[in-house]
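Chain letters run A, B, ... following the sequence lines, proteins first and then strands; every chain starts at 1. Here the structure is a predicted model, which means the values were calculated and not measured.
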Number of protein chains: 2
Amino acid sequence: MQQDPIELVLANIGRHITLTPEESRYFTDLLKPGHYARRAYLLREGEVCADFTFIAAGCMKSYLQDKNGKEHILTFAAPDWWIADIMSFITGRPGNLFIQAINDTQTLALSRRNQETLLREIPKFERCFRILTERAFAASQQRNIDSMSLSAVERLEKFRRQYPYLLPLLTDQEIASYIGVTPAFFSRMLKKHDLKGR
Amino acid sequence: MQQDPIELVLANIGRHITLTPEESRYFTDLLKPGHYARRAYLLREGEVCADFTFIAAGCMKSYLQDKNGKEHILTFAAPDWWIADIMSFITGRPGNLFIQAINDTQTLALSRRNQETLLREIPKFERCFRILTERAFAASQQRNIDSMSLSAVERLEKFRRQYPYLLPLLTDQEIASYIGVTPAFFSRMLKKHDLKGR
DNA sequence: CCTGCATCTTGACCTTGGTCAAGAACACAA
DNA sequence: TTGTGTTCTTGACCAAGGTCAAGATGCAGG
């Protein structure tokens with residue numbers, strides 16, 4: 001059922017640049033496969049995020065804990081997405097994010113070291129990462145826009161429309177955290193607006 | 001007093017890649033200088049954002065209007081920064097953002113067309129734009145984090161610490177909009193926490 | 001089949017910040 | 001100096017969403 005992670009990552013890259021078989025090989029040799037059981041951590045607060053990680057199967061979330069210990073989910077990463085604590089990754093300093101598996105997850109990690117090697121040896125990867133970063137930036141920008149201009153209900157409706165395939169994997173708590181409300185308010189919201197049948 | 005815009009943009013780029021004089025020339029020939037008077041628009045909602053714009057002097061803001069007509073400021077761009085409606089710029093579709101001059105502003109615009117030419121002719125610019133985009137992404141991510149985990153007062157204090165040089169240019173309304181509160185609440189907040197002397 | 005832990009729901013009450021409208025302060029233009 | 005507009009402040013009231021705690025529901029493991 002599961003597709004080969006290497007095939008998936010090559011398809012992902014192939015959407016942006018064209019590689020020769022040798023280049024593909026060179027690239028995939030720099031990737032380190034990983035497996036994370038449900039709830040296992042890829043990264044914890046205070047650690048340096050050394051890898052740009054491709055999700056081949058499963059699902060991860062990145063979140064932070066505020067000073068009252070409450071968890072705020074920043075992003076979900078479904079298969080075919082990349083995840084990292086970008087701030088820590090580019091500065092090399094310890095970050096504030098946790099990255100955790102939501103269910104069993106297969107990954108391919110590209111370390112900063114290896115990314116540098118890759119970019120030096122095959123410069124067209126610069127283009128590829130520029131495009132990936134542009135998209136991640138646009139998504140992040142849109143999240144800012146939504147949190148400023150939409151109500152909690154609107155954010156929920158948008159989330160459901162945008163990521164229907166994530167819904168079965170997530171608890172209500174996680175969705176609540178992503179859209180920025182408490183579980184208690186989330187529950188009332190579903191009831192009040194009759195949004196229970198996803 | 002003012003520095004030459006071309007010098008400034010070359011210094012900006014030079015922080016990430018090294019150019020020969022010919023390459024510098026090729027690059028700067030692709031830039032279109034602009035001047036915007038206070039309150040003039042570089043971009044309006046519904047227009048396609050065709051340019052990646054460098055601010056050489058002055059200051060701009062990008063904002064959106066929500067469906068109640070209220071303005072939410074997404075970013076400020078001071079000298080030595082780039083500004084664009086990234087979503088519209090990368091998709092080529094009409095965007096939702098306004099980009100407006102806060103005071104008299106000198107710009108250098110790199111159109112998407114010219115960017116493509118530049119990247120084709122001098123591939124090391126891929127690297128440069130990857131890095132610029134990574135930073136913009138990290139800043140946007142941080143804004144999401146702050147809006148999720150800080151109170152209005154904390155966001156204000158952080159804003160003042162982070163952008164002291166912007167404060168003299170901005171009205172309280174604009175700062176309020178950026179940190180995500182109304183002018184009325186902003187005023188009360190200053191009083192209550194004795195934050196008036198910037 | 002029962003236990004134990006997670007998640008979800010609900011009630012009662014609270015806090016943060018919004019709304020609307022009016023007045024005060026300021027700014028600059030004629 | 002006197003408008004005229006804009007920004008800032010304030011009062012009275014409101015609404016969205018948070019807090020805390022208790023009970024209900026669901027489900028995996030033994």
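- Atom CG of A:L170 is separated from atom P of C:dC8 by 10 Å (rounded to the nearest Å).
- Side chain of B:Q106 to backbone of B:H35: no donor-acceptor contact under 3.5 angstrom is found.
- Listed by residue number, A:A184, A:S187, A:R188, A:K191 are the residues of residues 183-192 of chain A with a heavy-atom contact under 4.0 Å to DNA chain C.
- In this structure, the side chain to side chain contact (heavy atoms under 4.5 Å, CB included) partners of A:A138, at least two apart in sequence or on a different chain, are B:I86, B:M87, B:I90.
- Within the nucleic acid shown, B:R155 has no heavy atom closer than 4.0 Å to any nucleic acid atom.
- Between B:Q173 atom CD and C:dC26 atom P the separation is 16 Å, expressed in whole Å.
- On the nucleic acid side, DNA chain D has its first and last nucleotide under 4.0 Å of a heavy atom of chain A at D:dG17 to D:dT19, going 5' to 3'.
- Remark: A:K158 pairs with A:Q142, A:D146, A:L150, A:R161, A:Q162 by the side chain to side chain contact (heavy atoms under 4.5 Å, CB included) rule, at least two apart or across chains.
- Taken over five-pair windows at either terminus, the axes of the helix from C:dT7-D:dA24 to C:dA30-D:dT1 are inclined to one another by 40° (rounded to 10 degrees).
- In C:dA6 the base sits syn relative to the sugar, since the glycosidic angle is no further than 90° from 0.
- B:T182 meets the side chain to side chain contact (heavy atoms under 4.5 Å, CB included) test with B:A184, B:F185; sequence neighbours excluded.
- In terms of the side chain to side chain contact (heavy atoms under 4.5 Å, CB included) criterion, residue partners of A:R112 (sequence neighbours excluded) are, by chain and number, A:F89, A:Q115, A:E116.
- In terms of phosphate contacts, B:T182 brings a side-chain nitrogen or oxygen within less than 4.0 Å of OP1 or OP2 of C:dG18.
- Spacing between atom CD1 of B:I179 and atom P of C:dT16 amounts to 15 Å, rounded to whole angstrom units.
- Not a single ring-ring contact (aromatic ring centres under 6.0 Å, His included) links A:Y26 to another residue, sequence neighbours left out.
- Here C:dT9 presents its P atom at 13 Å from CG of A:D194, a figure rounded to the nearest Å.
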Would you be so kind as to tabulate the donor-acceptor pairs closer than 3.5 Å made by side chains of residues 124-135 of chain B, with sequence neighbours excluded?
{"from": "B:K124", "atom 1": "NZ", "to": "B:T18", "atom 2": "O", "distance (Å)": "2.8"}
{"from": "B:K124", "atom 1": "NZ", "to": "B:E23", "atom 2": "OE1", "distance (Å)": "3.0"}
{"from": "B:E126", "atom 1": "OE1", "to": "A:R130", "atom 2": "NE", "distance (Å)": "2.5"}
{"from": "B:E126", "atom 1": "OE1", "to": "A:R130", "atom 2": "NH2", "distance (Å)": "3.3"}
{"from": "B:E126", "atom 1": "OE2", "to": "A:R127", "atom 2": "NH1", "distance (Å)": "2.8"}
{"from": "B:R127", "atom 1": "NH1", "to": "A:E126", "atom 2": "OE2", "distance (Å)": "2.7"}
{"from": "B:R130", "atom 1": "NE", "to": "A:E126", "atom 2": "OE1", "distance (Å)": "2.5"}
{"from": "B:R130", "atom 1": "NH1", "to": "B:E134", "atom 2": "OE2", "distance (Å)": "2.8"}
{"from": "B:R130", "atom 1": "NH2", "to": "A:E126", "atom 2": "OE1", "distance (Å)": "3.3"}
{"from": "B:T133", "atom 1": "OG1", "to": "B:F129", "atom 2": "O", "distance (Å)": "2.5"}

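- In this structure B:E71 satisfies the salt bridge (charged side-chain N to carboxylate O under 4.0 Å, His left out) test together with B:K61, sequence neighbours excluded.
- Between B:Y165 and B:Y163, the ring-plane angle classifies as perpendicular under the 30° and 60° cut-offs.
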When the side chains of residues 49-59 of chain B are checked against the rest of the protein, which donor-acceptor pairs come out under 3.5 Å, sequence neighbours left out?
none

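- For residues 72-81 of chain A, the set of pairs meeting the side chain to side chain donor-acceptor pair (under 3.5 Å) definition, not counting sequence neighbours, comprises A:N12-A:D80, A:R15-A:D80, A:S62-A:T75, A:D66-A:H72.
- Here C:dC5 presents its P atom at 14 Å from CZ of A:R39, a figure rounded to the nearest Å.
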